[in-house]
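Notes to accompany the following structure.
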Amino acid sequence: MPDLQAIVDEIHEKLQPRLGEGKVADYIPQLAHVDPKKFGIAIIDVDGQNYKAGDADVPFSIQSVSKVFTLTLALGKHGETTWNRVGREPSGSAFNSIVQLEHEEGKPRNPFINAGAIAVSDLVLAGHTPREAIGEIVRFVRYLADDDTIAIDPEVAKSEHATGYRNFALANFMRSFNKLTHPVEHVLGVYFHHCALAMTCTQLARSGLFLAASGRNPLTGHTVVSRQRARRINALMLTCGHYDGSGDFAYRVGLPGKSGVGGGILAVAPGKASVAVWSPGLNNHGNSLLGSLALEMLAHRTGWSVFGP
Ligand code: GLN
């Protein structure tokens with residue numbers, strides 16, 4: 001194993017002069033007011049060893065990174081029938097794009113664009129009230145991270161709702177094609193709340209560890225998903241986890257990853273480690289600019305890649 005503590009320290013150090021680059025999401029005040037110079041990185045390897053640097057223990061809004069956890073829950077509840085409701089192809093368009101939905105009759109391209117995650121929220125709602133479904137998601141993430149302090153930021157959830165015109169448009173459009181089974185208000189209530197989960201890099205890396213360890217969380221001994229399902233979720237993260245920037249992320253980093261507009265990225269080095277980075281400044285695809293760069297540096301220094309030794 002490479003000296004991971006030395007590597008994260010070096011990445012943190014090298015990025016110091018660039019902190020603040022990129023554009024912080026400003027569609028809600030809670031994101032607009034985050035200090036753009038924050039930077040954190042946390043790695044948990046499959047033996048449970050933890051390495052971190054910078055603001056790795058400062059909570060931030062995980063936003064779309066949460067879509068990995070809701071997809072995992074939906075697959076657990078509905079198995080392969082999940083794919084009747086949402087596709088598995090990269091979209092090549094922005095995370096909140098509506099154009100493809102009309103051509104494809106309300107079936108979103110993949111579970112990580114907003115439309116797809118809204119369809120997944122509808123699946124997680126099955127048999128529940130919105131409050132129960134939100135509770136189930138929070139309990140699931142706490143179980144994954146083995147940390148009962150993880151919570152939703154209610155102010156973020158409220159702002160997401162207040163400014164969620166596009167998400168309402170996407171959900172109403174899907175509903176018009178009979179592609180949602182619950183009322184739009186309920187489905188978006190679930191969606192906005194899971195986007196508002198607040199977590200630290202350390203908590204996020206712990207939550208993603210099952211994906212690096214064939215479906216089993218080595219910290220708790222719990223089998224979360226089968227080996228095959230872990231591989232498949234990783235495949236979706238690699239192909240779709242960065243929206244229309246997924247190809248570039250795969251080229252530069254070579255690992256499955258999922259970004260969020262809060263500036264977080266969860267990346268998975270299968271058989272090696274789970275990594276979370278946070279830097280609020282985004283590139284023009286809505287992915288963390290320095291977070292992607294940090295992961296590129298990490299992949300380069302460790303040699304981790306899903307494409308070859
Ligand atoms: N809450 C955000 C939205 O729905 C999530 C988007 C993201 O993180 N890319 O627009």
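In each ligand, atom 1 is the first atom listed, and ligand 1 is the first ligand listed.
Contact residues for ligand 1 (protein heavy atom closer than 4.0 angstrom to any ligand atom): Y27, Q63, S64, F95, N114, E160, N167, Y191, C195, Y243, G260, V261.
Relative orientation of the H242 and F249 rings is parallel, given thresholds of 30° and 60° on the angle between their planes.
Residues H12 and Q16 bring a donor and an acceptor atom of their side chains to less than 3.5 Å of each other. Between the side chains of Q63 and S61, a donor-acceptor pair is found at a separation under 3.5 Å.
Heavy atoms of other residues, nucleotides or ligands lying less than 6.0 angstrom from CD of E132 number more than 12.
The six-membered or imidazole ring of H194 lies away from that of F140, with a centre-to-centre distance of 6.0 Å or more. Residues F192 and H161 place their aromatic rings such that the two centres sit under 6.0 Å apart.
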